[in-house]
Amino acid sequence: MDQVKFNVEAMHIKDHGSRQLSQETVQKLISQSQEAKEQAYCPYSKFRVGAALLTPENQVFTGCNVENACYNLGLCAERNAISKAVSEGYRHFKAIAIASDVDDQFISPCGGCRQFMREFGPNWDVYLSKPDGSYRKMTVDELLPAPFSL
């Protein structure tokens with residue numbers, strides 16, 4: 001059985017002030033999503049994805065995709081990161097960065113993850129990145145302008 005080392009403590013980013021993140025914070029968040037991607041369990045697709053989620057308290061929760069032989073039981077990196085944060089009592093988020101190995105386009109969340117993110121509000125930032133650290137910034141609302149709701 002393979003063993004993976006991980007830190008159960010959530011990481012922190014120093015960023016003060018408004019919802020607008022500093023360039024340094026964005027780069028750290030993208031870097032943490034790239035690090036999370038390294039833990040991906042994707043024996044079927046070989047498509048590694050990592051996510052780093054930032055709370056208003058500047059705490060970071062990371063996640064990676066975890067596949068399953070029964071495909072629909074797999075989990076996306078974004079939902080893993082959000083679920084970790086929610087399990088620790090967080091319900092509001094500043095931003096999420098998403099990373100993959102795709103270098104010819106910015107990684108974009110699937111439809112299910114867009115709806116999952118939307119559950120926690122429309123006005124937080126999503127950083128779609130490439131392996132070289134470049135990114136495109138969007139809001140959850142821009143990614144899913146007409147969400148399902150009850």
Could you give the distance from [atom1] ([X]) to [atom2] ([Y]), rounded to the nearest 0.5 Å?
X: N80; Y: N65; atom1: CG; atom2: CG; result: 8.5 Å
X: T62; Y: Q32; atom1: OG1; atom2: CD; result: 7.5 Å
X: M117; Y: L53; atom1: CE; atom2: CG; result: 10.0 Å
X: T55; Y: W124; atom1: OG1; atom2: CH2; result: 11.0 Å
X: L29; Y: Y127; atom1: CG; atom2: OH; result: 8.0 Å
X: S83; Y: F116; atom1: OG; atom2: CZ; result: 3.5 Å

Check whether [X] reaches the backbone of [Y] with its side chain - one donor and one acceptor, N or O, closer than 3.5 Å.
X: E67; Y: S45; result: yes
X: Q115; Y: F148; result: yes
X: S129; Y: Y135; result: no
X: E142; Y: T139; result: yes

Consider only side-chain N and O atoms of [X] and [Y], and report whether a donor and an acceptor are under 3.5 Å apart.
X: S134; Y: D132; result: yes
X: S108; Y: R114; result: yes
X: Y90; Y: Q59; result: yes

Nearest heavy atoms of [X] and [Y], plus distance in Å:
X: L21; Y: K94; result: CD2-CD, 3.9 Å
X: G133; Y: Q34; result: N-NE2, 3.9 Å
X: A77; Y: G63; result: CB-O, 3.6 Å
X: E78; Y: C113; result: OE1-SG, 3.5 Å
X: S33; Y: A97; result: CB-O, 3.4 Å
X: V102; Y: P131; result: O-CD, 3.0 Å

Within one Ile-Leu-Val-Met-Phe-Trp-Tyr cluster: [X] and [Y], side-chain cutoff 4.5 Å:
X: V140; Y: V86; value: yes
X: L143; Y: F93; value: yes
X: I98; Y: L75; value: no

Original post:
Do K130 and F106 meet the cation-pi criteria used here (NZ or CZ under 6.0 Å from the six-membered ring centre, within 45° of the axis)?
Top reply: yes
**OP:** Identify whether the distance between the nearest side-chain nitrogen and carboxylate oxygen of E38 and R48 falls below 4.0 Å.
**Re:** yes
Original post:
Thinking salt bridges, do K28 and E24 make one under a 4.0 Å N-O criterion?
Top reply: yes
Original post:
Mind checking whether Y44 and C42 have side chains closer than 4.5 Å, heavy atoms only?
Top reply: no
**OP:** Show your reasoning for whether side-chain contact (heavy atoms from CB on, under 4.5 Å) applies to T25 and L54.
**Re:** CA-CA 10 Å; T25 297; L54 182 63; 4.1 Å; yes
**OP:** Determine, stepwise, if the pair S100 / F47 fulfils side-chain contact (heavy atoms from CB on, under 4.5 Å).
**Re:** CA-CA 7 Å; S100 78; F47 190 78; 4.3 Å; yes
Subject >> D101 vs K37, salt bridge (charged side-chain N to carboxylate O under 4.0 Å, His left out): CA-CA, chis, key distance, verdict >> reply: CA-CA 9 Å; D101 295 318; K37 172 187 73 175; 2.9 Å; yes
